[in-house]
Amino acid sequence: MFEQEQQAIEEQIRAYCKQQDIPSTEELKWARIPFSGEWGIATSFFQTAANEARSGKKVVVPQRAQEIAEGVAEHLGTPQGFSRVEAVKGYLNLYFSTDEYARTVLDTVITQGVEYGNGLANGQSVMVEFSQPNTHKALHVGHLRNMMLGAAVANILECAGYEVVRSNYIGDFGRDVMKWIWNYEKRHDGEEPPEDTTRWMGDLYAEATQKLEEDEAGETEIQALFADWESKDSPTYKLWQKTRQWSLDGFNDVYTQMGIHFDRFYYESEMEESAKEIVEELISKGIVTDDRPDGPAVIKVDELLGLDKETYRVLAVLRSDGTSLYGAWDLALAQKKFIDYPLDRSVYVVDVRQSLHFQQVFKTLEAVGFEKIKDAFHLPYEVVNLPGNLTMSSRDGVIVLLEDFIREATQRAYDVSLETNPELDEVTRKGVANAVALGSIKYPLLARDNTKIATFDWETALDFNGHSAPYIQYAHVRANSILRRVDKALPDSSNPTYELEPAEIALIELISQIPDTVQRAADEYRTLHITNLAYDLAKAFNDFYNRCPVLKAEPEVQLTRLRLVAAARQSIANCLRILGIEAPEVM
RNA sequence: GCCCCCGUAGCUCAAUGGACAGAGCACCGGCCUUCUAAGCCGUAGGUUGUAGGUUCGAUUCCUGCCGGGGGCGCCA
């Protein structure tokens, strides 16, 4: 937000260094002054001093850094827009003229509104593939992490200035699906799903897994179903179509509920044909080692890349019976995405356990000359476990169902609301309960680094206190509550005519960080930066709320504070929106 | 055997190579005639797994070791 100011000062620093014959060529790194209540930008001269030391000059680095900082400070004087410049411990600290900058920040937020925080369109297009649910199975809490991460990353990229294509890749085909069909035909033929469709699909899947273990002929029968499916007018194919749709309808309900949408759906069942074409081609090029029917057709990736050490291992593409495997599908899909859209980047939000798989796919495509694959990126995330390091598994049915979790959280939020705000009408309360419940479900998954395993336990999951979505939502409600009580329109922009409180400065400072944080989150594909900022904003607002009266303030003070409250409300709402979390008006 | 990830307060987690390693939970003690107490303030809690290395400076980068988790030819 302060690029112009930084640039102007950078030029002066460079000029000074040149004049003093100090070799300062590298970029200056700017940071915020890290002490509370102080507001400004800082840079240091350790690197410069170290460079001098390396070039033969006899200097003690910290001392020399301080010397340079002092020299620069003297040279700069007090630049326009700053109130004070100091050199301390090798750092150059430039303190903003509070009034001027406070006004600039508030004006920017209020003028830009929901757009505040967004970067300029950068002309780049990126696809984010996420969710990838399997039909004929239940949705559990483990799937939620992927959904939330993917949706939030897509939002972040969009805010940062990318053109974003949100895609989903539905697992509607494969052995597990056929296993479900097999079991359905044997034990549930003709049954229609109950209202709770997705749960029922999951139950039948668990049953299929169990029954198959006890059934010697099962494997052969499933193989036969695979063969039937190939013919599009077979009963197997028709049954597959019908049951698959049950799952898809259920998924769409969940997406609607979670506020997620997709621009493009891909299906594994569509990949069969093009996958086989690719494999045929690779066989003819000698890249695929075809051991059928004695074994699978595979790509020996290390060999392909000419590596001696086992690194990328072997990617299986066809079963010995000739049916294709997901390795082949991904070879097809990775290319198809770049054909369907003019992408500058292609992001896959997929469980970390598939890291090797994606390396195999990407390396293979690179080796066969598909240049664009260099722009493909696997964004891995860790799993959600149950206490005791227990991995959720659809096969064993050891899972916390998404719908159970949502129901419990909603009930809990409703109960808390009854207690804390008894006057709410029923319709509003239900809306609040829904917003709070979904927020509290989503937030912890987004506030954790992708590489960290999450552990689900009910008590923590239903805790609405502290570092949580409801805390942030509540800050938004408080801000809204103040503004609602003011009948008149927001005052016009003006410089503050009183000395701002530290709590006010801290809040404004955080607000000003949003654009940079969005960019950083986009660069690193990390939702964590947004959740951290949203929380810090809420905390700073609560502090302000307690220390600084607004409605009872002197008219001149109130002027600025009302604009600050409006900017804070907007800022919190924008952060929550990026995260896919609702910002309620009341709670 | 090869590869990847994690290790920070009692617990769960933060921390662009930078100034004093910060939050929440839990514990203890305060604050509702005052813009919604789903809130605020205070106390306490640390050899950042360990041994080295790089650096002016390491929780952050590199190497070894210890502990935990995950992946590795016909599931996805």
Side-chain angles (χ1 to χ4, degrees), chain A residues 29 31 33-35 42 44 46-47 49-50 53-54 59-65 88-91 93 132 134 171 174-176 179 268 289 291-292 295-300 309-321 323 325-327 329-330 350-357 359-360 380 382-383 385 389 391 395 413 416-417 419-421 423 436 444 447-455 459-460 463-468 470-471 473-475 477-479 481-486 520 524 528 531-532 535-536 539 542-543 545-553 565 586-587:
Chain A
K29 280 184 282 185
I33 300 172
F35 307 104
S44 67
F46 296 109
Q47 196 58 57
R54 238 169 262 139
V59 296
V60 181
V61 170
Q63 269 174 33
R64 178 62 184 150
V88 50
K89 291 180 184 172
Y91 288 87
N93 293 333
Q132 307 110 337
N134 295 320
R175 224 191 73 97
D176 286 346
K179 192 164 86 181
E268 288 182 350
T289 310
D291 291 338
R292 288 176 298 164
V298 301
I299 298 168
K300 294 178 178 166
K309 212 163 86 175
E310 273 188 2
T311 307
Y312 300 111
R313 316 282 304 194
V314 169
L315 177 65
V317 289
L318 298 180
R319 290 191 184 84
S320 47
D321 66 6
T323 52
L325 290 162
Y326 86 124
W329 306 342
D330 269 337
V350 182
D351 189 334
V352 68
R353 295 175 202 188
Q354 291 195 45
S355 291
L356 178 60
H357 167 75
Q359 285 184 334
Q360 292 172 330
E382 267 292 355
V383 292
N385 281 348
N389 235 349
T391 303
R395 282 161 208 253
V416 173
S417 170
E419 218 171 283
T420 56
N421 197 352
E423 285 114 53
V436 168
R448 173 181 300 264
D449 228 329
N450 302 336
T451 52
K452 290 252 168 64
I453 295 169
T455 303
E459 200 185 322
T460 312
D463 187 358
F464 297 159
N465 298 313
H467 195 168
S468 66
Y471 176 90
Q473 291 171 316
Y474 186 63
V477 164
R478 280 178 146 183
S481 181
I482 292 173
L483 296 170
R484 196 183 19 174
R485 283 163 193 277
V486 181
R520 196 176 152 212
E524 300 175 13
L528 178 65
T531 56
N532 283 352
Y535 175 72
D536 289 343
K539 195 170 170 57
N542 276 328
D543 189 40
Y545 183 91
N546 275 288
R547 290 174 194 277
C548 308
V550 178
L551 300 179
K552 291 188 174 159
V565 172
V586 293
M587 272 172 77

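Throughout, protein chains are lettered first and strands after them, A, B, ... in sequence-line order, and every chain is numbered starting at 1.
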**Student:** What does A/Thr451 touch in the nucleic acid at a heavy-atom separation under 4.0 angstrom: a base, only the sugar-phosphate, or nothing?
**Tutor:**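 Sugar-phosphate, no base atom in range.
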**Student:** Taking the side chain of A/Glu268 as heavy atoms from C-beta outward, which of B/A76, B/U55, B/A38 is closest to it?
**Tutor:**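 The closest nucleotide is B/A76.
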**Student:** So, does A/Arg353 get its side chain near the phosphate of B/G69, meaning an N or O under 4.0 Å from OP1 or OP2?
**Tutor:**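 Indeed not, no polar side-chain atom of A/Arg353 lies that close.
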**Student:** Heavy atoms only, 4.0 Å cut-off, all strands: where does A/Val314 land among base, sugar-phosphate and nothing?
**Tutor:**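 Base contact.
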**Student:** Measure NZ/A/Lys300 against C1'/B/C74 and give the value in whole Å, please.
**Tutor:**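 Whole-Å distance recorded here is 14 Å.
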**Student:** Of the options B/G24, B/A19, B/G68, whose atoms approach the side-chain atoms of A/Lys539 most closely?
**Tutor:**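 Selected nucleotide (nearest to the side chain): B/G24.
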**Student:** May I ask you to say what A/Thr455 touches in the nucleic acid, namely base, sugar-phosphate or nothing, with a heavy-atom cut-off under 4.0 Å?
**Tutor:**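 If one applies the 4.0 Å heavy-atom cut-off, A/Thr455 turns out to touch nothing in the nucleic acid.
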**Student:** Distance from A/Arg175 atom CZ to A/Arg319 atom CZ, nearest 0.5 Å?
**Tutor:**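 With rounding to 0.5 Å, CZ (A/Arg175) is 7.5 Å from CZ (A/Arg319).
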**Student:** Going by purine N1 to pyrimidine N3 plus the second Watson-Crick contact, or the G-U wobble pair, all under 3.5 Å, which nucleotide sits opposite B/C72?
**Tutor:**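 WC or wobble partner is B/G1.
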**Student:** What's A/Ser320 touching, base or sugar-phosphate or nothing? Going by heavy atoms closer than 4.0 Å.
**Tutor:**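 Base contact.
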**Student:** Between the base of B/A19 and the side chain of A/Asn93, is one N or O donor paired with an acceptor at under 3.5 angstrom?
**Tutor:**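 Indeed there is one.
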**Student:** Using a cut-off of 4.0 Å on non-hydrogen atoms, how would the nucleic acid contact of A/Ala50 be classed: base, sugar-phosphate, or nothing?
**Tutor:**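 It contacts base atoms.
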**Student:** Under 4.0 Å, heavy atoms only, any strand: does A/Tyr91 hit a base, just the sugar-phosphate, or nothing?
**Tutor:**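 Contact class for A/Tyr91: base.
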**Student:** Centroid distance below 5.5 Å plus an interplanar angle below 30 degrees: do A/Tyr535 and B/A23 meet both conditions?
**Tutor:**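 No, aromatic ring not over the base.
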**Student:** Could you state the atom-to-atom distance from CG of A/Asn389 to P of B/U12 in whole Å?
**Tutor:**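 Rounded to the whole Å, the gap is 11 Å.
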**Student:** Would you say A/Arg319 reaches B/C75's phosphate, i.e. side-chain N/O to OP1/OP2 under 4.0 Å?
**Tutor:**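 Checking A/Arg319 against B/C75: at least one side-chain N or O falls below 4.0 Å of OP1 or OP2.
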**Student:** Under a 3.5 Å cutoff, is there a donor and acceptor pairing between the side chains of A/Arg478 and A/Ser481?
**Tutor:**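 There is no such pair (donor and acceptor under 3.5 Å, judged by atom type) between the side chains of A/Arg478 and A/Ser481.
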**Student:** So if I take every side-chain heavy atom of A/Arg54 and compare against B/C56, B/U16, B/U12, which nucleotide ends up nearest?
**Tutor:**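 In terms of side-chain proximity for A/Arg54, the closest of B/C56, B/U16, B/U12 is B/C56.
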**Student:** Of the options B/A19, B/C41, B/G18, whose atoms approach the side-chain atoms of A/Lys89 most closely?
**Tutor:**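 My answer, after comparing the listed nucleotides, is B/A19.
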**Student:** Ring of A/Phe46 versus six-membered ring of B/G18: centres under 5.5 Å and planes under 30°?
**Tutor:**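 So A/Phe46 counts as stacking on the base.
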**Student:** So A/Val317, base contact, sugar-phosphate only, or nothing? Heavy-atom distance under 4.0 Å.
**Tutor:**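 Nothing: the residue A/Val317, judged by heavy atoms under 4.0 Å, touches no strand.
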**Student:** A/Val383 near the nucleic acid: base, sugar-phosphate alone, or nothing, with a heavy-atom cut-off under 4.0 Å?
**Tutor:**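 Touches nothing.
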**Student:** With a non-hydrogen cut-off below 4.0 angstrom, is A/Leu483 in contact with a base, only sugar-phosphate, or nothing?
**Tutor:**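 No contact.
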**Student:** From B/C56, B/A14, B/C74, pick the nucleotide closest to the side chain of A/Ala316?
**Tutor:**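 So the nucleotide nearest the side chain must be B/C74.
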**Student:** Watson-Crick or G-U wobble partner for B/G42, using a 3.5 Å limit on both distances?
**Tutor:**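 For B/G42, the partner nucleotide comes out as B/C28, under the 3.5 Å rule.
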**Student:** Is any side-chain heavy atom of A/Met587 less than 4.5 Å from a side-chain heavy atom of A/Asn421?
**Tutor:**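 Not in contact.
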**Student:** Going by the angle between their ring planes, with limits at 30° and 60°, are A/Phe46 and A/Tyr91 parallel, tilted or perpendicular?
**Tutor:**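 Answer is perpendicular, since the angle exceeds 60°.
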**Student:** Could you tell me whether A/Asp449 contacts a base, only the sugar-phosphate backbone, or nothing, with contacts defined as non-hydrogen atoms closer than 4.0 Å?
**Tutor:**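 Sugar-phosphate contact only.
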**Student:** The side chain of A/Asn134 is closest to which nucleotide in this list: B/G7, B/A76, B/C56?
**Tutor:**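 Selected nucleotide: B/A76.
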**Student:** To the nearest Å, give me how far apart CG (A/Leu551) and C1' (B/C35) are.
**Tutor:**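 Rounded to whole Å, this separation is 4 Å.
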**Student:** Any strand is fair game: report the nucleotide pairing with B/G67 by Watson-Crick or G-U wobble, both distances under 3.5 Å, or none.
**Tutor:**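 Partner of B/G67: B/C6.
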**Student:** Report the glycosidic orientation of B/G73: syn if within 90° of 0, anti in every other case.
**Tutor:**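 Syn, since the glycosidic angle lies within 90° of 0.
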**Student:** Side chains of A/Asp321 and A/Thr323: do they bring a donor and an acceptor to under 3.5 Å?
**Tutor:**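 Result is yes, a qualifying pair exists.
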**Student:** Which way is the base of B/C66 turned, syn or anti, if we draw the line at 90° from 0?
**Tutor:**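 It is anti.
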**Student:** Any idea which of B/C74, B/C40, B/A38 is nearest the A/Asn546 side chain?
**Tutor:**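 Ranking B/C74, B/C40, B/A38 by closest atom to the A/Asn546 side chain puts B/C40 first.
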**Student:** Would you tell me if any nitrogen or oxygen in the side chain of A/Tyr471 comes within less than 4.0 Å of OP1 or OP2 on B/A23?
**Tutor:**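 The answer is no; no side-chain N or O of A/Tyr471 sits under 4.0 Å from OP1 or OP2.
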**Student:** Assign A/Arg520 to base, sugar-phosphate, or nothing according to its heavy-atom contacts below 4.0 angstrom with the strands shown.
**Tutor:**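 Result for A/Arg520 = sugar-phosphate.
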**Student:** Show the nearest heavy-atom pair for residues A/Val61 and A/Ala53, with the distance to one decimal.
**Tutor:**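 Answer, listing the atom of A/Val61 first, then A/Ala53: CG2-CB, 4.3 Å.
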**Student:** Report the distance from atom CG of A/Asn465 to atom P of B/C11, rounded to the nearest whole Å.
**Tutor:**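 Computing the A/Asn465:CG to B/C11:P distance gives 21 Å.
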**Student:** By nearest atom, which of the nucleotides B/U16, B/G73, B/C2 is closest to the A/Ala31 side chain?
**Tutor:**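 Minimum distance to the A/Ala31 side chain belongs to B/U16.
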**Student:** Heavy atoms under 4.0 Å, any strand shown: does A/Asn421 hit a base, just sugar-phosphate, or nothing?
**Tutor:**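 The residue A/Asn421 makes base contact.
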**Student:** Pick out which of A/Ile299, A/Asp330, A/Leu315 makes a side chain to side chain contact (heavy atoms under 4.5 Å, CB included) with A/Gln360.
**Tutor:**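 Among the candidates, only A/Leu315 passes.
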**Student:** Can you figure out which of B/A76, B/G73, B/A15 approaches the side chain of A/Arg313 most closely?
**Tutor:**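 Per side-chain heavy atoms of A/Arg313, the pick is B/G73.
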**Student:** Classify A/Asp543 by what it touches in the nucleic acid, base, sugar-phosphate, or nothing, heavy-atom distance under 4.0 Å.
**Tutor:**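 The answer is sugar-phosphate, as A/Asp543 gets under 4.0 Å only of primed atoms, P, OP1 or OP2.
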**Student:** So A/Lys452 and A/Leu528, do their side chains get closer than 4.5 Å, heavy atoms only?
**Tutor:**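 Side chain of A/Leu528 against side chain of A/Lys452, heavy atoms only: no contact under 4.5 Å found.
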**Student:** Given B/C41, B/C5, B/C72, identify the nucleotide with an atom nearest to the side chain of A/Leu356.
**Tutor:**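 Looking only at heavy atoms from C-beta outward on A/Leu356, the closest nucleotide is B/C72.
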**Student:** Within the structure shown, what part of the strands sits under 4.0 Å from A/Ala42 by heavy-atom distance: base, sugar-phosphate, or nothing?
**Tutor:**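 Here A/Ala42 touches the bases of the nucleic acid.
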